[in-house]
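Each remark here refers to the structure printed beneath this line.
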Amino acid sequence: MDRFVKLVKVVRERGGNGPGGGRLWCLPLADRVLLVAVYYRTNLTMRQLAPLFGISAATVCRVIQRLRPLLALEPAPRPVADVDRLWIVDGTWIPVRDRTVGASSRNCRFSANVQVIIDADSRLVVASARPAPGNKADDHVWRESDLPARAAGTTVIADGAYLGTGLIVPHRRRAGRPLLRGQEEDNAEHRRVRARVEHTFARMKNWKILRDCRQRGGGLHHAVQAFATMHNLALAR
């Protein structure tokens, strides 16, 4: 409940309870935030959610459209110059229905590639890029996104898919040239630290909408941003 109270407070401070220019909402703000959270967690259709909250499917749609941008992740402050920070970036495939957002990818599903940066120490989500078609490689998505500008001046590690991007990636084994012992040890430590972003993806995908997103346009981006906000609220002390 304390996490939910924090979430409602965030939405209220961003104007979620303000006038919408028309009739008053039939649900209080807390119920509307709960509706959006239930929608993201269960991936129920709007027709299924409507009787649970005693409203019409059209009202459910309006509530989601109104509140989803207000749940977005706030821009992370730039690290202080004399403080060393370590960030981790990785991408994941999310199945989508909107063919203007996704594309057929190697996982044999129509999906989108979503890139996320986390802080290695706090494990908080720092930033996420707008979804790219799932047939694009991670390094291409990284270069075309706004993430390099956000990570400027910060040490960022990634897996081997980001080779040539200037990020810290594992040592690459070449044919007939085994890695040295020191390089193997470096790769083992790299894997140990980079696993934290995989754990973040696993927690985010507990929200079932990321297993089959039916949202169109910016819906997937707003959903990922909302999960990042709730993930950070859950980890905040």
Side-chain angles (χ1 to χ4, degrees), residues 2-7 9-11 13-14 37 40-41 68-94 112-132 137-171 185-207 209-210 220-237:
D2 58 337
R3 298 176 188 173
F4 182 71
V5 170
K6 292 179 182 178
L7 186 62
K9 181 181 178 182
V10 168
V11 175
E13 291 175 348
R14 295 178 179 179
Y40 284 158
R41 174 70 77 176
R68 68 183 188 182
L70 303 181
L71 294 173
L73 178 70
E74 291 183 344
R78 186 171 295 279
V80 182
D82 58 348
V83 177
D84 293 333
R85 304 297 296 178
L86 179 63
W87 289 357
I88 312 170
V89 65
D90 200 4
T92 186
W93 282 320
I94 297 179
N113 186 325
V114 174
Q115 307 261 318
V116 171
I117 296 179
I118 72 165
D119 183 272
D121 294 328
S122 64
R123 307 192 184 213
L124 298 177
V125 177
V126 177
S128 67
R130 298 195 69 87
D138 285 343
D139 58 336
H140 292 166
V141 178
W142 166 264
R143 292 189 182 97
E144 294 173 359
S145 70
D146 62 343
L147 296 183
R150 296 193 184 188
T154 306
T155 303
V156 183
I157 69 173
D159 59 21
Y162 293 83
L163 188 67
T165 59
L167 306 180
I168 298 178
V169 299
H171 297 288
E185 293 174 351
D186 289 345
N187 284 359
E189 179 65 16
H190 188 282
R191 289 192 299 269
R192 186 187 68 80
V193 176
R194 203 190 64 79
R196 299 171 189 175
V197 72
E198 301 290 352
H199 301 160
T200 299
F201 280 136
R203 284 190 290 269
M204 291 175 66
K205 289 187 177 181
N206 285 333
W207 300 82
I209 195 173
L210 291 188
L220 175 58
H221 181 60
H222 287 140
V224 173
Q225 293 270 302
F227 305 145
T229 298
M230 290 183 273
H231 170 79
N232 290 352
L233 287 176
L235 293 182
R237 295 292 184 263

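Ring orientation note: the planes of Y162 and W142 are nearly perpendicular, at an angle over 60° on the 30°/60° scale.
Contact check on K6 versus D2 returns no salt bridge, with no Lys/Arg side-chain nitrogen under 4.0 Å from an Asp/Glu carboxylate oxygen. Ionic pairing of D139 and R143 is present here: one or more N-O contacts between side-chain nitrogen and carboxylate oxygen are shorter than 4.0 angstrom.
By the 4.5 Å heavy-atom criterion applied to side chains, L210 and V224 are counted as neighbours. Residues W87 and I118 are not in side-chain contact: their nearest non-hydrogen atoms beyond the backbone lie 4.5 Å or more apart. Within the 4.5 Å cutoff, the side chain of L71 has heavy atoms near those of the L7 side chain. Side chains of R85 and D121 form a contact here, defined as non-hydrogen atoms less than 4.5 Å apart. For the pair N232 and L73, the minimum side-chain heavy-atom distance is below 4.5 Å. For the pair T155/I168, a side-chain contact is recorded, criterion being any heavy-atom separation below 4.5 Å from C-beta on. Put simply, the side chain of V89 does not reach to within 4.5 Å of the side chain of V197, judged on heavy atoms.
Donor-acceptor pairing under 3.5 Å is recorded for the side chains of S122 and D119. In this structure, a donor-acceptor pair under 3.5 Å is present between the side chains of S128 and Q225.
In terms of modelled atom types and a separation under 3.5 Å, the side chain of H231 and the main chain of R123 share a donor-acceptor contact. Side chain of H190 to backbone of I157: no donor-acceptor contact under 3.5 angstrom is found. Proximity of a side-chain donor or acceptor of R192 to a complementary backbone N or O of N187 within less than 3.5 Å is not detected.
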### Message
With ring-ring contact (aromatic ring centres under 6.0 Å, His included) as the criterion, how do F227 and W207 come out once you've worked through the C-alpha distance, each side chain's angles and the decisive distance to 0.1 Å?
### Response
CA-CA 8 Å; F227 305 145; W207 300 82; 5.5 Å; yes
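Just one of N113, L163, T92 meets the side-chain contact (heavy atoms from CB on, under 4.5 Å) condition when paired with D138; it is N113.
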